[in-house]
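Read through the structure below, which is laid out as structure tokens, and then see the notes.
Below, read A as the first sequence line, B as the second, and so on, with proteins coming before strands; counting in each chain starts at 1. The analysis underlying the following values was restricted to heavy atoms, covering all of them including side chains, and did not include hydrogens, waters or symmetry mates.
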2 protein chains.
Amino acid sequence: MTCNQDCGKNSQEWMAALRANGYRLTDARKAVVDVVINSREVLRPAEVFEIAKKKYPKLGLVTVYRTIEKLEELGLIQRVHREQDCQAFVATRAGHNHLLLCTECGRYVYFEGEDLGDLFTSIEKDTGYVTQDHWLQIFGICPVCQQEMGDDQ
Amino acid sequence: MTCNQDCGKNSQEWMAALRANGYRLTDARKAVVDVVINSREVLRPAEVFEIAKKKYPKLGLVTVYRTIEKLEELGLIQRVHREQDCQAFVATRAGHNHLLLCTECGRYVYFEGEDLGDLFTSIEKDTGYVTQDHWLQIFGICPVCQQEMGDDQ
DNA sequence: TTCAATGCAAATATTTTGCAATTCG
DNA sequence: CGAATTGCAAAATATTTGCATTGAA
């Protein structure tokens, strides 16, 4: 089972990564991993829980939180910030990519960022700050939601 | 009293804006406005509360939340998202500017963004999304914290 | 004088922690 | 078998709401 954007990752690799870091492969973790890796949308813990519980009814919300914590620690997922919600996650893609997010449904795609190196250099000179990291995130409406919005009108 | 970056705004203007929108000018609001407009750092509601209470001891935390809500609604302040904290605010500056934030102390400066128009055009073509908005935010260490870190070592 | 605004207390919502039972390796 | 993991319940956080009192206009 590969992830939604052909990012080259699949749940077996994620489970292997967990194993390699000394974590056990439990059914609860498999359920959470499957949900996150296969989602086209950004998901919040409660959403992961609802979906994963269908595959693994014994699942507890606490385990979702704890599994997310480990996946984030291993760099397999990353937190996405949106205006009113900063506890959503997506599968990480290799390299420094940026997110384009649908504000209607949470569907996301990665895009290659501009080379902002020159900008950073000039900002460091102007401000005296040493830059460490940056976020570039774009919000919009995905094709599916455009279609649906058109249908409604 | 003007704000920390000579943004051209002062607390009287903010109070006038509140008044113009039908809100009353209370001592509690003056205290909150003064704190936010004069802060060099991004502040969370609880921090605003602690500082503003010194000027106006009767202040309640709830009033801070409610005042922040109104200031945001009027576009006088904007919410800042950071890795583990998305309920911090800064005075808004005119135009589309981006934030450079110190990860140590929360000090911030605005910088003029690149023109990302071309990027948006090409992304819309590639993905089928219609873009609406974007965040570009840089994290780093401010000159003051660089100094302090140097002193410690 | 009137009604918006306040501040307390209580209610919500979200995330974390303690712990006994379970399960992976 | 032993230790990591789980899931429940309870605790801790953060934010919002209800309401009687206060105070701006």
With sequence neighbours left out, write down each residue that passes ring-ring contact (aromatic ring centres under 6.0 Å, His included) with F139(B), or none if nothing qualifies. W135(A)
Rounded to whole angstroms, how far apart are [atom1] on [X] and [atom2] on [N]?
{"X": "D27(B)", "N": "dT6(C)", "atom1": "CG", "atom2": "C1'", "value": "11 Å"}
{"X": "R29(B)", "N": "dT6(C)", "atom1": "CZ", "atom2": "C1'", "value": "9 Å"}
{"X": "L18(B)", "N": "dA5(C)", "atom1": "CG", "atom2": "P", "value": "9 Å"}

Would you compute the distance between atom [atom1] of [X] and atom [atom2] of [Y] and round it to the nearest 0.5 angstrom?
{"X": "L74(A)", "Y": "T92(A)", "atom1": "CG", "atom2": "OG1", "result": "10.0 Å"}
{"X": "H81(B)", "Y": "R82(A)", "atom1": "NE2", "atom2": "CZ", "result": "11.0 Å"}
{"X": "L136(B)", "Y": "L116(B)", "atom1": "CG", "atom2": "CG", "result": "6.5 Å"}
{"X": "I77(A)", "Y": "I37(A)", "atom1": "CD1", "atom2": "CD1", "result": "10.5 Å"}
{"X": "S11(A)", "Y": "L76(A)", "atom1": "OG", "atom2": "CG", "result": "11.5 Å"}
{"X": "E69(B)", "Y": "Y65(B)", "atom1": "CD", "atom2": "OH", "result": "11.5 Å"}

Output yes when a side-chain donor or acceptor of [X] lies under 3.5 Å from a complementary backbone atom of [Y], and no otherwise.
{"X": "R44(B)", "Y": "V48(B)", "value": "no"}
{"X": "Q146(A)", "Y": "G128(B)", "value": "yes"}
{"X": "R29(B)", "Y": "R24(B)", "value": "yes"}
{"X": "N10(B)", "Y": "Q12(B)", "value": "yes"}
{"X": "Q132(B)", "Y": "I141(A)", "value": "no"}

With 3.5 Å as the limit, what N/O pairs link the protein to nucleotides 20-23 of chain C?
unit_1  : atom_1 : unit_2 : atom_2 : d
dT23(C) : OP1    : K58(A) : NZ     : 2.9

Using a cutoff of under 3.5 Å, can you pull out all pairs of nitrogen or oxygen atoms linking the protein to nucleotides 14-18 of chain C, with atom names and distances?
unit_1  : atom_1 : unit_2 : atom_2 : d
dT15(C) : OP1    : Q87(A) : NE2    : 3.1
dT15(C) : OP2    : Y65(A) : OH     : 2.1
dT15(C) : O5'    : Y65(A) : OH     : 3.1

Bend across the helix from dT1(C)-dA25(D) to dG25(C)-dC1(D), to 10°, with axes taken over 5 pairs at each end? 40°
When the nearest nucleotide of DNA chain D is assigned to V64(A) and to L25(B) on a heavy-atom basis, which residue is associated with the more 5' position? V64(A)
Set of salt bridge (charged side-chain N to carboxylate O under 4.0 Å, His left out) partners for D27(A), sequence neighbours left out: K30(A)
Students should find this one: the first and last nucleotides of DNA chain D, 5' to 3', lying under 4.0 Å from a heavy atom of chain A. What are they? dG2(D) to dA9(D)
